[in-house]
Protein chains: 2
Amino acid sequence: MLPKYKVVYEDMKNKLKNHVYESNEKIPDGGSLAIDYGCSKLTVAKALDLLVQEGMLIRRQGSGTYVKENFPSRTTIDLEHLSGYSKKFGKKHLKSTVIEFSIITPTTEIAKRLNIIDEFVYKILRLRSVDNIPQILEETYMPIYVIPGLKEKHLEESIYDYINNELGFKIQSAHVSIRGEKANSNDKKHLNLTDYDFVMEIEKIAFLENGKIFEYSKTHHKYESFEFNTVLVNNI
Amino acid sequence: MLPKYKVVYEDMKNKLKNHVYESNEKIPDGGSLAIDYGCSKLTVAKALDLLVQEGMLIRRQGSGTYVKENFPSRTTIDLEHLSGYSKKFGKKHLKSTVIEFSIITPTTEIAKRLNIIDEFVYKILRLRSVDNIPQILEETYMPIYVIPGLKEKHLEESIYDYINNELGFKIQSAHVSIRGEKANSNDKKHLNLTDYDFVMEIEKIAFLENGKIFEYSKTHHKYESFEFNTVLVNNI
DNA sequence: AAGTGGTCTAGACCACACT
DNA sequence: GTGTGGTCTAGACCACTTG
């Protein structure tokens with residue numbers, strides 16, 4: 001059962017996508033929408049505030065709620081396909097090649113990122129290719145006690161599907177850093193790069209809903225196929 | 001007069017920074033905090049939800065609200081110093097050199113981004129240096145009818161200060177894309193780069209609270225001094 | 001069963017924009 | 001003055017976890 005504010009949110013989002021309300025247009029006021037949807041004004045406000053965060057609306061006290069001009073069509077950020085390649089390529093032609101899959105004692109740095117002491121972790125090195133062209137080199141560490149039973153077959157498909165569907169865990173959030181780096185020897189080898197090439201590095205610490213860190217990863221992307229989009233909103 | 005939920009938000013944020021509540025610790029429940037702060041539970045929830053968005057707390061239905069382990073010390077994103085260099089360098093040693101400042105008829109592409117027709121725009125090319133080392137090359141376009149009266153002296157300091165303090169406008173949001181690019185001829189010239197160097201490109205469309213787009217910019221950063229940090233939270 | 005967060009209401013009052 | 005969004009309350013009920 002979807003809560004009401006999400007019903008309103010989804011409906012408004014569709015109306016915006018389908019240009020029921022146009023760029024720069026003022027949408028009906030909160031009171032009217034509350035009557036239309038049969039809910040309170042606060043519920044409408046909660047829904048519209050989500051769309052403000054996503055960069056589709058502007059709400060002006062004393063004036064009204066307006067559709068942003070020119071707003072980019074932006075899908076909800078997907079934690080797995082964070083980097084944007086799923087938008088460009090789709091899942092169909094994406095292939096994962098496992099380069100290394102082992103259980104190790106983590107280095108001090110990795111243990112610190114995962115916030116663990118005296119725990120073993122999976123080390124996973126994967127190459128992800130689109131139409132057989134290597135695009136992403138992925139180095140992932142996960143504590144085995146948080147994600148038990150991970151097998152190589154899961155790596156060839158989606159680790160996140162295993163966590164969500166088979167283990168029944170949900171992902172709460174991810175803290176990411178994005179930067180550029182010169183290609184290292186692994187990058188050159190697996191992504192077919194040269195001394196003068198560079199990659200986009202995404203460093204990520206990911207949390208489950210139970211509060212546990214389940215993943216620390218560094219992902220190297222060919223720069224040509226990487227772009228990160230976001231909306232920054234002045235809240236506070 | 002700060003609204004109550006922001007008072008609660010600021011107070012809780014300070015408590016987290018000062019380790020009044022430790023990593024992984026459960027903080028008091030919403031009802032207790034409401035009594036402590038002399039407000040309703042909803043007001044507490046609104047404050048705590050902000051901290052969830054910022055990656056400092058996790059709220060688990062049926063369980064409680066917990067301090068995230070290992071959470072990065074993250075300052076609120078600053079739209080001007082978005083790129084993170086202000087954190088690294090501070091404002092003190094930052095210098096701006098104006099390379100070009102003119103009023104032009106925008107290209108079709110720029111007019112499209114700014115969502116204008118038949119309007120003149122400022123074109124601004126600035127080089128920003130830290131301790132006299134050039135770090136950032138900035139190409140900015142602003143419609144003159146949105147930002148009237150901009151002078152060269154404002155460019156040497158902060159355009160945003162002019163907009164906020166002298167014009168009295170507030171910035172609502174910015175839509176940004178981040179990617180890596182090979183250094184172009186301008187980059188090589190002004191950032192002292194070579195054929196084999198690359199830069200981080202930030203493309204930005206920025207909105208005022210009145211809904212108008214006031215800026216379209218492309219900023220090129222030396223990759224060594226650029227990092228973008230964010231927290232992605234599963235909301236919906 | 002008890003505790004906690006999530007959703008929702010109906011209404012109130014305020015701050016602000018526009019006319 | 002009228003309309004709009006922003007804040008806030010007191011309380012209700014539900015969903016979920018197990019402190």
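Values below: every heavy atom of this structure, side chains too, minus hydrogens, waters and symmetry copies. Each chain gets a letter, A, B and so on, in the order its sequence line appears, and its residues count up from 1. Fair warning: this is a prediction, and the values are worked out from it, not measured in the lab.
In this structure, of D/dT4, D/dA10, C/dC8, it is D/dA10 that holds the atom nearest to the side chain of B/Ser40. Picking from D/dG5, C/dC18, D/dC8 the nucleotide with the shortest atom distance to the side chain of A/Asp29 gives D/dG5. Closest to the side chain of A/Gln61, from the set D/dC8, C/dC8, D/dG6, is D/dG6. Of the listed nucleotides (D/dA15, D/dT18, C/dT9), C/dT9 has the atom at the smallest distance from the side chain of A/Thr43. Closest contact between the side chain of A/Thr65 and the listed nucleotides D/dC8, C/dA17, D/dG5 involves D/dG5. Counting only heavy atoms from C-beta on, A/Lys4 has its side chain closest to C/dT9 among D/dT7, C/dT9, C/dT7. In the set D/dT7, D/dG6, C/dC8, C/dC8 carries the atom at the smallest distance from any side-chain atom of A/Pro3.
Taking 4.0 angstrom as the limit, B/Lys41 places none of its side-chain polar atoms (N or O) nearer than this to OP1 or OP2 of C/dT4. OP1 or OP2 of D/dT4 has not a single side-chain nitrogen or oxygen of A/Arg60 nearer than 4.0 Å.
Distance, B/Gln172 CD to C/dA17 P: 15 Å, rounded to whole Å. Rounding to whole angstrom units, CG of residue B/Leu42 and C1' of C/dA12 are separated by 14 Å. Distance, B/Asp49 CG to C/dT4 C1': 14 Å, rounded to whole Å. Counting to the nearest Å, the C1' atom of D/dG6 and the CG atom of A/Leu57 are 16 Å from each other. Taking atom NZ on B/Lys46 and atom P on D/dT9, their separation rounds to 11 Å, with Å as the unit. Rounded to whole Å, the distance from CE on A/Met1 to C1' on C/dC8 is 12 Å. If you measure from atom CD1 of B/Ile35 to atom C1' of C/dT4, you get 14 Å, rounded to the nearest angstrom. Going from atom CG of A/Leu2 over to atom C1' of D/dA15 covers 15 Å, rounded to whole Å.
Note on B/Lys26: a base of the nucleic acid sits closer than 4.0 angstrom, heavy atoms only. Among the heavy atoms of the strands lying under 4.0 Å from B/Tyr66 is at least one base atom, whether or not backbone atoms are also near. Across all strands, B/Gly64 comes closer than 4.0 Å to base atoms (heavy-atom distances).
With hydrogens and angles ignored, the 3.5 Å screen pairs a side-chain donor or acceptor of A/Asn234 with a backbone N or O of B/Ile171.
Atom-to-atom distance recorded for A/Leu50:CG and A/Met12:CE is 12.0 Å, nearest 0.5 angstrom.
By the 4.0 Å N-to-carboxylate-O rule, B/Glu209 lies too far from A/Arg60 to be salt-bridged with it.
The aromatic rings of A/Phe214 and A/Tyr160 sit perpendicular, their planes meeting at an angle over 60°, well past the 30° parallel limit. In this pair, B/His175 and B/Phe207 present their aromatic rings tilted. The plane angle is within the 30 to 60° band.
DNA chain C forms stems at C:1-18 with D:1-18, each a run of 3 or more consecutive Watson-Crick or G-U wobble pairs whose two key distances fall under 3.5 Å.
Applying the salt bridge (Lys or Arg N to Asp or Glu O under 4.0 Å) test to pairs two or more places apart or on separate chains, none has a residue in residues 147-156 of chain A.
Using a 3.5 Å distance cut-off with no hydrogens or angles, the side chains of B/Tyr5 and B/Glu10 do not pair a donor with an acceptor.
A/Ile117 CD1: 12 or fewer foreign heavy atoms inside a 6.0 Å radius.
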